[in-house]
Amino acid sequence: KPIQEKHLLAKKNGSTPTKETYKVRIEYRNDESINPSDLDDTDKTFYFKFSVNYVQADDTAIDSHPSAIHYITRQNEGQITPGDVIGIGETEDFYVISSNAEKTVLLAKYNLLVGNESDDWGNTFTPIPTTAQGYGLQSVDAIGYGNHESFKGTVPFSSTNYWMNGNNLISSYNENDTIYLDNSDEGEWNWHFKYRNDDSDAYPYVYDNTLTTAPDFSSECDDSTNCYNTPGYSIAYYVEEYKTKLIEMGAPSTISGRLLTYEEADAAKTIEDNSKSIIFDEYQSYWLGSASDVNHLRVVYSFGSSFDYGSYDSRYYYFGVRPVIEISTSDI
């Protein structure tokens, strides 16, 4: 932005002073008093000097670079508290899930308006036009399974099981690339993951933000139609598109996007906004990024306020996309 009268020079950040940059344009005069033949054509160095008047800021000062990140509601002045609502741009609101000195984790207040819209009871799905107002942003209308009327903004998690191939591990579930399958049920496989070699259930995080191929919307969707048959498609396509939109709104380019883990969602289920859980919002059902078994992903099933699971594949498109944004705490 050009510097204008009354613009505020921000105070220094720690020991680093702030500065504003002036762009100065210098031109030869172009009027009748100047004759080009009178100009010296030899090489010379010219020095220019100008002065700037500045005064101590008062209540008429104007923020020259207003932040795109701002508080909507804050519980404790001077600190970031889980359950606070932070806005990015003019339309996008987020709940604080957790925060430390380095990183703050924000959960979108609503699902994204992407993917499909269904008829009653979710029998037939048709794509939401990308030209629809607010497409790709949060929307109170983007509701998933549990409404028993029409769904809107719902997508499958993936068209490909990209973390397991049968019993073979494709992507890393943990730092040791190990996985334990519990087969304690009288010789029958109990396909709950044990990626810790103890008796505790584990929910491997299988969300992959590198798979960002757009899905194929070439046909209508029903229980017998694969309308997400694009190889490599995953839900990360929508999250990365959304992250780009936030950066265009003024968010730092260093933000990252993903989905909630099961453990994060479970830990945050008691956090409330206006006496309502920020995790369980009626009819706003959405995918988590954690696997339940080799065929299913964990979901937040908001009707009844519970966690459930859904098939990862293209036939299961009853849940929405509710992104998580990680942002440097110093940027808030």
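What's counted below: heavy atoms across the whole structure, side chains too, no hydrogens, waters or symmetry copies.
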Side chains of [Y] and [X]: any donor to acceptor distance under 3.5 Å?
X: S290; Y: T261; answer: no
X: S234; Y: S158; answer: no
X: E92; Y: Y242; answer: yes
X: Y95; Y: D84; answer: no

Between [X] and [Y], what is the shortest heavy-atom contact and its length?
X: I247; Y: S253; value: CD1-CA, 3.8 Å
X: T104; Y: T329; value: OG1-OG1, 3.0 Å
X: A265; Y: I279; value: O-CG1, 3.8 Å
X: I69; Y: P252; value: CD1-CD, 3.7 Å
X: Y238; Y: L112; value: O-CD1, 4.0 Å
X: D281; Y: Y110; value: OD2-CE2, 4.1 Å

Let me confirm one number: the [atom1]-[atom2] distance from [X] to [Y], rounded to the nearest 0.5 Å.
X: S285; Y: Y145; atom1: OG; atom2: OH; answer: 9.0 Å
X: Y233; Y: L211; atom1: OH; atom2: CG; answer: 11.0 Å
X: T81; Y: N76; atom1: OG1; atom2: CG; answer: 4.0 Å
X: R258; Y: E240; atom1: CZ; atom2: CD; answer: 12.5 Å
X: I88; Y: M249; atom1: CD1; atom2: CE; answer: 9.0 Å
X: L107; Y: L259; atom1: CG; atom2: CG; answer: 10.0 Å

Tell me if the centroids of the rings in F307 and F280 come within less than 6.0 Å of each other.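 Here the rings of F280 and F307 have centres that are less than 6.0 Å from each other.
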In a check of ring pair (Phe, Tyr, Trp, His ring centres under 6.0 Å) between W287 and each of Y262, Y318, F157, which one passes?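 Result: among Y262, Y318, F157, F157 is the only option passing the ring pair (Phe, Tyr, Trp, His ring centres under 6.0 Å) with W287.
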Relative to Y309, does R298 satisfy both conditions: NZ or CZ under 6.0 angstrom from the six-membered ring centre, and within 45 degrees of the ring's axis?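 No cation-pi geometry.
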Decide, yes or no, whether a salt bridge links K269 with E264 under the criterion of side-chain N to carboxylate O below 4.0 Å.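 Salt bridge: no.
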Is it true that E248 and K245 make a salt bridge, defined as a side-chain N closer than 4.0 Å to a carboxylate O?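 Salt bridge: no.
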Please tell me whether Y54 and F50 are part of a single hydrophobic cluster in this structure, the criterion being side-chain heavy atoms less than 4.5 Å apart.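 Y54 does not cluster with F50.
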Membership question, hydrophobic clusters at under 4.5 Å side-chain separation (ILVMFWY): are V140 and L106 in the same one?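 Result: no, two separate clusters.
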Just checking N274: does its CG atom have more than 12 heavy atoms from other residues, nucleotides or ligands closer to it than 6.0 angstrom?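 No, because the 6.0 Å sphere around CG of N274 holds 12 heavy atoms or fewer from other groups.
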